[in-house]
S.K.: 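Got a structure for you, written out below as structure tokens; questions coming shortly.
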Amino acid sequence: VVRPFSEIPGLWKNGVVNLYNFWKLDGFRNLHRIMLQNFNTFGPIYREKIGYYESVNIIKPKDAAILFKAEGHYPKRLKVEAWTSYRDYRNRKYGVLLKNGEDWRNNRVILNKEVISLKMLENFVPLLDDVGQDFVARVHKKIIRSGQNKWTTDLSQELFKYALESVSSVLYGERLGLMLDYIDPEAQRFIDCITLMFKTTSPMLYIPPALLRQVGAKVWRDHVEAWDGIFNQADRCIQNIYRQLRQETGASTEYPGVLASLLLLDKLSIEDIKASVTELMAGGVDTTSITLLWTLYELARHPNLQEELRAEVAAARTASQGDMLDMLKRIPLVKGALKETLRLHPVAVSLQRYIAEDIIIQNYHIPAGTLVQLGLYAMGRDPKVFFRPEQYLPSRWLRTETQYFRSLGFGFGPRQCLGRRIAETEMQIFLIHMLENFRIEKQRNLEVQSMFELILLPDKPIILTLKPL
Ligand code: HEM
Ligand code: 2DC
């Protein structure tokens, strides 16, 4: 017989007490480890309430399949109130990230064609390839300047710039110039604002921002300052393209970028376009750069694997005769490496949906409207889901049975990551160029763990050494 909702194990009776305990465990930074521990304590399903935020948590791929089947026509994630509160406070429109219902769907359908459809890859690849080549040239220059034939550094700032340059070149069809020695201080400020925005969001997951705003809390003020910086810089970029479009005469044959395409298409209001393009620009920095940093770290830890990937890339280069679009179809192990990175170091600790219909999971009844979370970090490290989960094995993704509801780093279905195609392509191109040019090494005793600052980040600097081949 199916057991009732009220019998699901877990701590969900007293949200305030649980919030206090959560805070004592430094839960704001340890959310992923706490979730993993809860699955160990309660089993593959548990219910919890922290503060005012209630959810049912699941971990099994087959339960994920049930969850996503019940997401309905207008899939809805956990509402990040800090983000909606800022927009309400400043009277700005929600973009596709924060919209829901019919409005979300109408916008998303149009954006899909310009941002995530496979057809756009032929437009994106040359732009992203240029940025990749410039990154490599920059590293070569750093190596020469060092006078030691190598460059040892924390690459995170360089990767932030690479990611922002990449996403901007696709969105605006032009370069910001972040691979140069002297960069626009406004662009650097944009990068810093994104980091601050994420960091200040996590405490506000559990304490309502409206309350923090009323008491004038620093975390709310910092959050507003961060988003203000993000919107100001994005507005500048958008205005610039808008002005160019109005001055332009004859139709150009060159791909003009996502923003100009959306403006010319004229199917979304300018305000809607601006809101979503700002989110794309902000969503495109820390996500891909941190995933690339973790990948370089794993390749440094596994030198033999690194050589295997290098050989795959070399063979793909020969077979495709330098056609990058074709080359991207010949690097399954590089793609496996990126999936493996997202398994062990997912950007998002969980995927969530408010389910649109009643479902039965692990023989418990869960009513429509419940927030159900798939513990992505916990699933990636579960030995019942992945054979020897502690091992970094890109080749496991070459087997089809590994695929069933296990490769979920970008989410699933119509509400999945809109930037997925840009992110994947940008990361693949980056790894191709790095593997073709440098050996990646790390210090002997470097052990890095994740910490939660809304997205999962390395808990200490990852110092790597790049040596020319
Ligand atoms: C949503 C992951 C890069 C823009 C999401 C979601 C995940 C995710 C898990 C939620 C999906 C769901 O609920 O099913 C990632 C990862 C990235 C990445 C792992 C890189 C490694 C990017 C980039 C952009 C971006 C580069 C922008 C160019 C967005 C947007 C949404 C989203 C706009 C909201 C989509 C919607 O609500 O309809 N991402 N992301 N992401 N991401 Fe990404
Ligand atoms: C954080 O408990 C943990 O892709 C919470 O590019 C549940 C939750 C809800 C929404 C998730 C968030 C988590 C992690 C970061 C995500 C976000 C949805 C989109 C966002 C996964 C798992 C991200 C990083 C976007 C950010 C876009 C930008 C404009 C802020």
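Counting starts at 1 for both ligands and their atoms, following the listed order.
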S.K.: Checking a contact table here: which protein heavy atom is nearest atom 8 (C) of ligand 2, and how many Å away?
M.R.: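 Heavy-atom neighbour on the protein nearest atom 8 (C) of ligand 2: Q352 NE2, 3.3 Å.
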S.K.: For ligand 1, which is the ligand I care about here, please tell me if Q352 has any N or O atom under 3.5 Å from one of the ligand's N or O atoms.
M.R.: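 For ligand 1, there is no N or O atom that lies under 3.5 Å from one belonging to Q352.
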S.K.: How about K460: does its NZ atom have over 12 heavy atoms from other parts shown lying under 6.0 Å from it?
M.R.: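 More than 12 heavy atoms, drawn from other residues, nucleotides or ligands, come within 6.0 Å of this atom.
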S.K.: Return the residue, atom name and 0.1 Å-rounded distance of the protein heavy atom closest to atom 17 (C) of ligand 2.
M.R.: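 Its nearest protein heavy-atom neighbour is W83 CH2, 4.3 Å.
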S.K.: Can you tell me which portion of L351 lies within the under-4.0 Å heavy-atom range of ligand 2? Options are side chain, backbone, both, or neither.
M.R.: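 Contact part for L351 vs ligand 2: neither.
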S.K.: Near V347, which atoms of ligand 1 are under 4.0 Å from a heavy atom of that residue?
M.R.: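 Counting atoms of ligand 1 from 1, those under 4.0 Å from V347 are 19 (C).
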S.K.: Parallel, tilted or perpendicular: which fits the ring planes of F231 and W227, with parallel below 30° and perpendicular above 60°?
M.R.: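 Ring orientation, 0 to 90° scale: tilted.
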S.K.: If you measure from each heavy atom of R353 to ligand 1, is any distance below 4.0 Å?
M.R.: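 In this structure, R353 qualifies as a contact of ligand 1 - some heavy atom is under 4.0 Å.
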S.K.: For M197, counting its heavy atoms only, list the atoms of ligand 2 lying under 4.0 Å from any of them.
M.R.: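 Those of ligand 2 that fall under 4.0 Å from M197 are 30 (C).
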S.K.: Numbering the atoms of ligand 2 from 1, which are under 4.0 Å from a heavy atom of L97?
M.R.: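 Atoms satisfying the 4.0 Å criterion: 19 (C), 27 (C), 29 (C).
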S.K.: Among L376, T287, L456, L97, which residue places a heavy atom closest to atom 18 (C) of ligand 1?
M.R.: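 Heavy atom nearest to atom 18 (C) of ligand 1 belongs to T287.
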S.K.: Look at atom 27 (C) of ligand 2 and say whether a protein heavy atom is found at less than 4.0 angstrom from it.
M.R.: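 Looking at atom 27 (C) of ligand 2, one finds that a protein heavy atom does lie closer than 4.0 Å.
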S.K.: Can you tell me if R415 contacts ligand 1 (heavy atom of the residue under 4.0 Å from the ligand)?
M.R.: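 Yes; R415 lies near enough to ligand 1 that a heavy-atom distance drops under 4.0 Å.
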S.K.: Where the closest heavy atom to atom 6 (O) of ligand 2 is concerned, which of G284, G283, G411 has it?
M.R.: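 Ranked by closest heavy atom to atom 6 (O) of ligand 2, first place is G283.
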S.K.: Closest by any non-hydrogen atom to atom 10 (C) of ligand 1: pick that one out of R420, R77, Q416.
M.R.: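 The nearest heavy atom belongs to R77.
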S.K.: Does the protein put any heavy atom within less than 4.0 Å of atom 19 (C) of ligand 2?
M.R.: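 So far as the 4.0 Å threshold goes, atom 19 (C) of ligand 2 is in reach of a protein heavy atom.
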S.K.: Using heavy-atom distances, let me know which of V170, L280, N112 sits nearest atom 28 (C) of ligand 1.
M.R.: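 The residue whose heavy atom sits nearest atom 28 (C) of ligand 1 is L280.
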S.K.: Which of the atoms of ligand 1 are close to G409, meaning less than 4.0 Å from one of its heavy atoms?
M.R.: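 That gives atoms 2 (C), 9 (C), 19 (C) of ligand 1.
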S.K.: Give the numbers and elements of all ligand 1 atoms closer than 4.0 Å to a heavy atom of G419.
M.R.: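 In order of number, 4 (C), 23 (C), 24 (C), 25 (C), 27 (C), 28 (C).
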S.K.: Identify the closest protein heavy atom to atom 8 (C) of ligand 1: which residue and atom is it, and at what distance?
M.R.: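 It is C417 CB, 3.7 Å.
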S.K.: Are any of the N or O atoms of Y53 closer than 3.5 Å to those of ligand 2?
M.R.: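 Between Y53 and ligand 2 (N or O atoms, distance only) the closest approach is under 3.5 Å.
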S.K.: Just which atoms of ligand 1 are under 4.0 Å from any heavy atom in F412?
M.R.: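 Those atoms are 14 (O).
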S.K.: Report the nearest protein non-hydrogen atom to atom 23 (C) of ligand 1: residue, atom name, distance rounded to 0.1 Å.
M.R.: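 For this ligand atom, the closest protein heavy atom is G283 O, 3.3 Å.
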